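Everything on this sheet refers to the single structure shown next.
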Amino acid sequence: MTMIRKYLIISAAFLVLFGCQDQAPTESVSSVDVVDAKWWKEGIIYQIYPRSFKDTDGDGVGDLRGVIEELDYIKSLGVTMVWMNPFFQSPNVDNGYDVSDYRAIQPEFGTMADFDEMLKGLHDRGIGFVLDVVVNHSSNQHEWFKQSRSSRDNPYRDYYHWWNADKGKPNYRYSLFDEKGDAWKYDSLSDAYYLHYFAQEQPDLNWENPKVRQEVYDIMKFWAEKGVDGFRLDAFQYVSKDTTFPLLPEGFEKDVIKYYGMGPNLHQYLREMYDEVLSQYDVFAVSEGVGSTFQDAHDLVDADRNELQLAYHFQGMDVGNSLNSYTLDEFRNVYTKWDSAFAEKGWLSIFLANHDVPRMVSKFGNDSPEFRAASSKMLNTFILSMRGTPYCYFGDELGMTNIYFKSIDQYQDIAAINGYKKAMSEGQDMDVYLETLSLLSRDNGRTPMQWNGSDHAGFTQGTPWLPVNENYTDINQEKEDKDPLSVLNFFRKMTRLRNENPVLVYGDYKLLAETHPTVYAYTRTLGDVQMLVLLNFSETNSKLQLPELESVAKIVINNYDDVLIGDDSIQLQPYQAVIFEIK
Ligand code: GLC
């Protein structure tokens, strides 16, 4: 057989013949035997960073009315839930992750009436809402903290962790955002130190105090009564602490999760939260962080624990966190081992980006003009074809890219600014530091949404709080909406495929071609339905031999017009993503 005969070019016509991208659902949940089916497992979460989504009052900051204006757009994405980063009253030291009133809306985002209207608009469209609950710490401007610091015998004193200076200096604790890396801040008002794992304006709440826990449950009930459908618990693995603050081994800060995560009473508090709040409403809760081991993660989310329903681990995000790029092996191993650990029990999340990391395509794909669209589509295919509840970060449905700031004055993020000061005082190589920041900074993922080709990408009539990426004339929602081959329209096809095919939600995952240098290949199987997912993670053509290819029944999605396939082999084009149904 010659090469030409061996490889059949599956053209657009061929795809039509076999029923391709817009095919009807192949099965429904009721027709397959799914154990523990749940709506929040079947959902697709769209994460909105409200500061950067859409500004309607010209102050340069996104707002809730901006989300209201775009409800139909959100619906058109095929997502079923929205998680929104904090929009509560806040002095904004950490862009809302320093809350000064958990029941009030930050004026620059709008009013409670706007929130109610937005929530109703989402619910009217069958979309749920996930609230960000930031209760490892509050703002230092919260009334509780103002009271707490006022004197040693104030009734709110034990709402936070204080260490009286007469006992000497407390044992060192590392702070993730402090410019000196010191989590104890001395306060002369009561001659004591208070604890802050994050910035000094974010004092840690004392969860060992039952009154604090009750306050949190009341806040959660307030929002559950309003109708929110889920809670994302910020930095939650850190809440329980050994309040004797023992000496930790030298260098512990290199593995903060091990020493700060899964504190002594965490599970007791989660069961209490479950009894008080989660079990009382049709809601779910997802924890940011899962401790250090698979067992830690299982202990948080397994159904028989009656604690949380979902969690997300950081290991996927840790891949490629340096100037050196990552290898497909590292990437594939992380997702495969987490999937195996949760194959029988428990449920996790799948995501490649959020507001704390760079843009997905810039980190894991290729944001050059030549490959940006193909690699964005390929990565969206990955997120939406894996087991676990997928999280899609706003703008990634368009293939938005990093902004790559060069100078420290351009950054707004406290982590970048204080991290820079700390690196300077430690005498680090600042060129390397800035180069790394340019690639990995959180501001990369926070630039405003690119709606159209007009000034500031249609995000605001004013001056945006963070510059819009200059590539907005090329990459924007209006333009992509009109282009059937855009990243946006591919994303819609992919969400549709997941929504209509429970095999992509519940099916078993099996890794194939385990050591292939460039192609990530796996099957998802549910009952007698099987899909084969092939993802080329490279900018070159990649050939792959697989016995499964002999049983290909049809292509269900493809980010190129064609695919070169033989009896048991296939050649994928740069960043090609194809899903086949297998007979
Ligand atoms: C979480 C948030 C992050 C925030 C930090 C402190 O990691 O995702 O944005 O800065 O907690 O609240």
Side-chain angles (χ1 to χ4, degrees), residues 49 51 85-102 106 132-142 144-146 148-149 159-163 170-187 193-208 212 216 232-243 245 248 252-263 266 287-291 312 314 317-318 321 354-357 411-423 425 437 440-443 445-446:
Y49 196 67
R51 281 188 89 67
N85 296 93
F87 47 83
F88 317 103
Q89 189 177 292
S90 162
N92 242 354
V93 167
D94 184 20
N95 287 2
Y97 281 94
D98 46 324
V99 180
S100 52
D101 184 343
Y102 293 93
Q106 171 82 343
D132 211 322
V133 182
V134 190
V135 287
N136 171 68
H137 45 269
S138 72
S139 160
N140 62 349
Q141 298 307 309
H142 196 291
W144 299 335
F145 189 74
K146 289 184 186 166
S148 182
R149 75 177 283 249
Y159 270 45
Y160 296 86
H161 296 285
W162 289 97
W163 185 274
N171 284 319
Y172 168 59
R173 286 295 179 274
Y174 171 73
S175 159
L176 287 107
F177 290 173
D178 188 67
E179 60 180 88
K180 297 199 185 81
D182 185 355
W184 289 108
K185 167 85 180 153
Y186 177 71
D187 190 11
Y193 300 85
Y194 69 84
L195 185 74
H196 61 92
Y197 278 178
F198 293 90
Q200 62 180 49
E201 296 86 352
Q202 295 168 294
D204 281 44
L205 283 159
N206 178 10
W207 270 72
E208 319 309 321
V212 168
V216 171
R232 179 253 185 197
L233 304 177
D234 182 69
F236 202 77
Q237 57 181 340
Y238 300 151
V239 298
S240 174
K241 289 157 180 115
D242 176 348
T243 52
F245 295 105
L248 297 178
F252 79 88
E253 63 272 21
K254 295 195 183 72
D255 194 355
V256 171
I257 291 179
K258 177 166 167 206
Y259 291 94
Y260 287 4
M262 311 301 284
L266 184 71
S287 152
E288 184 197 27
V290 293
Y312 54 88
F314 293 135
M317 290 294 99
D318 289 345
N321 264 353
N354 61 33
H355 63 291
D356 288 333
V357 292
Y411 291 91
Q412 296 265 351
D413 177 19
I414 186 166
I417 294 165
N418 283 355
Y420 181 84
K421 289 183 192 157
K422 182 161 178 279
S425 68
L437 200 58
L440 300 176
S441 146
R442 309 199 293 182
D443 281 337
R446 297 178 177 184

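Computed from a predicted structure; not experimentally measured.
- Checked by atom type and distance alone, the side chain of Gln106 pairs as donor or acceptor with a backbone atom of Ser90 at under 3.5 Å.
- Put simply, the residue from Gln237, Lys241, Gln202 that forms a side chain to side chain donor-acceptor pair (under 3.5 Å) with Asn136 is Lys241.
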Show, in sequence, the C-alpha distance, side-chain angles and deciding distance for Asn95 and Tyr49, and conclude whether the side chain to side chain donor-acceptor pair (under 3.5 Å) test is met. CA-CA 10 Å; Asn95 287 2; Tyr49 196 67; 2.9 Å; yes

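- For the atom pair OG of Ser441 and CZ of Arg446, the computed distance is 8.0 Å after rounding to the nearest 0.5 Å.
- With sequence neighbours excluded, the residues that form a ring pair (Phe, Tyr, Trp, His ring centres under 6.0 Å) with Tyr411 are Phe405.
- Side-chain atoms of Ser287 do not come within 3.5 Å of backbone N or O of Leu233 as any donor-acceptor pair.
- With sequence neighbours excluded, the residues that form a side-chain contact (heavy atoms from CB on, under 4.5 Å) with Val99 are Phe88, Tyr102, Val134.
- Of all the heavy atoms in His196 and Asp204, the pair that sits closest is CA-OD1, 3.3 Å.
- The nearest pair of heavy atoms linking Val239 to Glu208 is O-OE2, 4.1 Å.
- Residues Trp207 and Leu205 meet the side-chain proximity criterion, which asks for heavy atoms closer than 4.5 Å.
- Distance check, rounded to the nearest 0.5 Å: NZ of Lys180 to NZ of Lys185 gives 7.0 Å.
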Show the numbers, then the answer: is there a ring-ring contact (aromatic ring centres under 6.0 Å, His included) between His161 and Phe245? CA-CA 10 Å; His161 296 285; Phe245 295 105; 5.6 Å; yes

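- Closest approach of Gln141 and Pro91 over heavy atoms only: CG-CG, 3.6 Å.
- A pairwise comparison of heavy atoms in Leu195 and Tyr197 identifies CD2-CE2, 3.9 Å as the closest pair.
- Tyr172 has its ring centre no less than 6.0 Å from the ring centre of Trp163.
- In this structure, Tyr420 and Ile417 have side chains that are not in contact, with every pair of non-hydrogen atoms separated by 4.5 Å or more.
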Test side-chain contact (heavy atoms from CB on, under 4.5 Å) on Tyr259 and Phe252 and set out the steps. CA-CA 7 Å; Tyr259 291 94; Phe252 79 88; 3.6 Å; yes

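- At a threshold of 4.5 Å between non-hydrogen side-chain atoms, the residues Gln200 and Asp178 count as touching.
- Here the side chains of Glu201 and Ser139 are not in contact, with every heavy-atom distance at 4.5 Å or above.
- When Val93, Asp94, Asp234, Leu176 are each tested for a side-chain contact (heavy atoms from CB on, under 4.5 Å) with Phe198, only one passes: Leu176.
- For the pair Tyr238/Val256, a side-chain contact is recorded, criterion being any heavy-atom separation below 4.5 Å from C-beta on.
- Side chains of Tyr159 and Trp144 form a contact here, defined as non-hydrogen atoms less than 4.5 Å apart.
- Scored by the side-chain contact (heavy atoms from CB on, under 4.5 Å) test, Asn418 finds Glu179, Ile414, Lys421 as partners (sequence neighbours excluded).
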Verdict with supporting geometry, His355 and Tyr97, ring-ring contact (aromatic ring centres under 6.0 Å, His included): CA-CA 12 Å; His355 63 291; Tyr97 281 94; 5.2 Å; yes

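- With hydrogens and angles disregarded, a donor-acceptor distance shorter than 3.5 Å links the side chain of Asp443 to the backbone of Gln412.
- Between Asn171 and Arg173 the shortest side-chain heavy-atom distance falls below 4.5 Å.
- Using a 4.0 Å cut-off between charged side-chain N and carboxylate O, Arg232 and Glu288 make a salt bridge.
- Within the 3.5 Å criterion, the main-chain N or O of Arg149 finds no donor-acceptor partner in the side chain of Trp162.
- Here the two rings, on Tyr174 and Tyr260, have centers that are 6.0 Å apart or farther.
- Note: Asp187 CG to Tyr160 OH = 13.0 Å, rounded to the nearest 0.5 Å.
- Distance check, rounded to the nearest 0.5 Å: CG of Asn85 to CG of Asn354 gives 8.0 Å.
- Using a distance-only test at 3.5 Å, with no hydrogens or angles considered, a donor-acceptor pair links the side chain of Asn321 to the main chain of Met317.
- Interatomic distance, Lys422 NZ to Ser175 OG, rounded to the nearest 0.5 Å: 9.0 Å.
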